[in-house]
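Worksheet: one structure, shown below.
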Amino acid sequence: MTTSPSDHTSPAARTSLIGRTALVTGATSGIGRATALALAARGAHVIVSGRDTTRGNATVAAIRDAGGRGDFAAADLTDAASARALAERARELGGGHVDVLVNSAGIFPFGPTAATTPEEVEGVLAVNVTAPYFLVAALAPAMAERGHGAIVNVTTMVAEFGAAGMGLYGASKAALVLLTKSWAAEFGPAGVRVNAVSPGPTRTEGTAAMGEALDQLAAAGPAGRPGRPEEMAEAIVFLASDAAAFVHGAILPVDGGRTAV
Ligand code: NAP
């Protein structure tokens with residue numbers, strides 16, 4: 001049975017992550033970095049991961065400057081072996097346990113189907129599906145043994161509807177959407193909650209090159225603007241915390257309402 005916070009616990013205590021270790025992939029940039037900072041601000045010891053050591057160390061420095069705990073674990077997440085190695089390193093750095101996993105690392109090359117190479121297809125599936133799959137495989141069983149844990153996957157609104165040139169990316173994230181629900185079914189009974197945040201267009205280093213196209217993509221939603229990484233991070237922190245104790249297998253749109261209308 002899933003553990004639940006006491007009725008007498010204060011709201012602040014329910015969002016506190018003191019004593020938890022959180023591994024955040026893609027934490028050298030954008031949504032992952034904002035999430036790492038937000039989790040650390042709630043008291044989590046955050047294992048910051050990404051490929052770029054300079055930017056990884058910068059995220060850790062920002063966490064520590066704000067009085068939090070963070071460490072960098074470099075990883076090029078392309079296959080099962082790299083995911084397993086990162087899980088092991090995170091466990092070591094985290095004092096033997098990882099309580100929260102945020103799968104934010106992702107790549108999103110857009111383009112016509114006929115111009116896409118087999119290597120590009122394999123590359124997108126490797127980072128967006130294979131790596132989260134084997135991180136969960138490596139970390140969720142230990143969370144289940146301890147009877148608690150939270151996993152938050154970062155998907156996308158274009159996993160929900162067809163968009164020209166975004167099929168490969170959207171399909172990879174649609175796989176992550178289904179995995180989120182499957183893992184909720186598999187690990188939820190042992191106290192491990194698995195959920196996802198589905199961002200709309202968000203200004204990050206990764207989308208900087210899109211310029212005004214990002215505004216146009218966002219304009220169709222009620223909010224009428226792109227999101228900020230910090231707005232994604234707040235939703236991720238909620239799902240990672242005990243405030244979301246009864247939330248399993250949810251795909252939370254944080255897209256300015258774009259998929260609602
Ligand atoms: P970003 O600024 O481009 O950052 C991507 C992160 O993923 C970086 O930290 C990068 O690490 C890491 N990464 C990429 N390839 C990797 C690999 N092979 N191994 C390990 N790490 C790797 O992206 P973002 O905009 O913040 O997006 C974050 C997540 O949100 C992605 O999953 C994306 O699909 C999703 N999303 C974004 C938007 C948006 O509009 N921004 C919308 C919907 C969903 P290094 O830089 O250190 O290599």
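All of these numbers come straight from a predicted model, not from anything done at the bench. For ligands, and for the atoms within them, numbers begin at 1 and follow the listed sequence.
- Checked against a 3.5 angstrom limit, the closest N/O atoms of Arg51 and ligand 1 fall inside it.
- In terms of protein heavy-atom proximity, atom 25 (O) of ligand 1 is closest to Thr204 OG1, 2.6 Å.
- For atom 40 (O) of ligand 1, the closest non-hydrogen atom on the protein side is Thr202 N, 2.7 Å.
- Residue contact check: Ser104 has heavy atoms under 4.0 Å from atoms 28 (C), 29 (C), 31 (C), 32 (O) of ligand 1.
- Within the structure, ligand 1 has Lys173 among the residues with a heavy atom less than 4.0 angstrom away.
- Look at Thr155 and you'll find a heavy atom under 4.0 Å from some atom of ligand 1.
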Problem set entry | Check against side-chain contact (heavy atoms from CB on, under 4.5 Å), Met232 and Val237 | CA-CA 9 Å; Met232 307 305 139; Val237 167; over 6 Å; no

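- When all heavy atoms of Pro141 and Val136 are compared, the pair lying nearest together is CD-O, 3.6 Å.
- Counting only N and O atoms by type, the side chains of Glu205 and Ser29 include a donor and acceptor under 3.5 Å apart.
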Exercise. Is there a salt bridge (charged side-chain N to carboxylate O under 4.0 Å, His left out) between Arg258 and Asp255 once you walk through the steps?
Worked result: CA-CA 6 Å; Arg258 174 63 181 80; Asp255 61 3; over 6 Å; no

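- Side-chain atoms of Asp242 and His148 form no donor-acceptor pair, as typed in the model, at a separation below 3.5 Å.
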Exercise. Given Glu230 and Arg203, is the salt bridge (charged side-chain N to carboxylate O under 4.0 Å, His left out) satisfied, shown in steps?
Worked result: CA-CA 10 Å; Glu230 292 75 16; Arg203 279 210 192 287; over 6 Å; no

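- Backbone and side-chain nitrogen or oxygen atoms of Ser49 are examined, and none is located within less than 3.5 angstrom of a nitrogen or oxygen of ligand 1.
- The shortest separation from a heavy atom of Thr25 to ligand 1 is not under 4.0 Å, leaving the residue out of contact.
- When every heavy atom of Phe72 is checked against every heavy atom of Leu93, the shortest pair comes out as O-CD1, 4.1 Å.
- Note: no N/O pair closer than 3.5 Å links Met157 and ligand 1 by distance alone.
- Of the N or O atoms in Ile31, one or more lie within a sub-3.5 Å distance of an N or O in ligand 1.
- Among protein heavy atoms, the minimum distance from atom 18 (N) of ligand 1 is reached at Asp76 OD1, 2.9 Å.
- More than 12 heavy-atom neighbours from other residues, nucleotides or ligands sit within 6.0 angstrom of CZ on Phe161.
- In this structure, Ser198 does not count as a contact residue of ligand 1, since none of its heavy atoms falls inside 4.0 Å of the ligand.
- For ligand 1, one of its N or O atoms has an N or O atom of Gly206 under 3.5 Å away.
- Arg146 has its side chain within reach of Asp99: a pair of non-hydrogen atoms, C-beta onward, lies under 4.5 Å apart.
- If you check the side chains of Ser82 and Asp76, you find no donor sitting under 3.5 Å from an acceptor.
- Near Gly50, with a cut-off below 4.0 Å to any heavy atom, the atoms of ligand 1 are 47 (O).
- Given atom 45 (P) of ligand 1, the protein heavy atom at minimum distance is Thr28 OG1, 3.3 Å.
- For the pair Leu176 and Val154, the tightest heavy-atom approach, listed with the atom from each and the gap, is CD2-O, 3.6 Å.
- Between Arg225 and Glu231 there is a salt bridge, since at least one side-chain N of the basic residue sits less than 4.0 Å from a carboxylate O of the acidic one.
- Residue Ala105 holds the heavy atom nearest to atom 13 (N) of ligand 1 of all those in Gly32, Pro229, Ala105.
- Heavy-atom contacts of Pro201 reach the following atoms of ligand 1: 40 (O) (cutoff under 4.0 Å).
- Looking at atom 36 (N) of ligand 1, its nearest protein heavy atom turns out to be Tyr169 OH, 3.5 Å.
- At least one N or O atom of Gly26 sits closer than 3.5 Å to an N or O atom of ligand 1.
- In terms of polar-atom proximity, Ser29 is counted as a contact of ligand 1, with an N or O under 3.5 Å from an N or O of the ligand.
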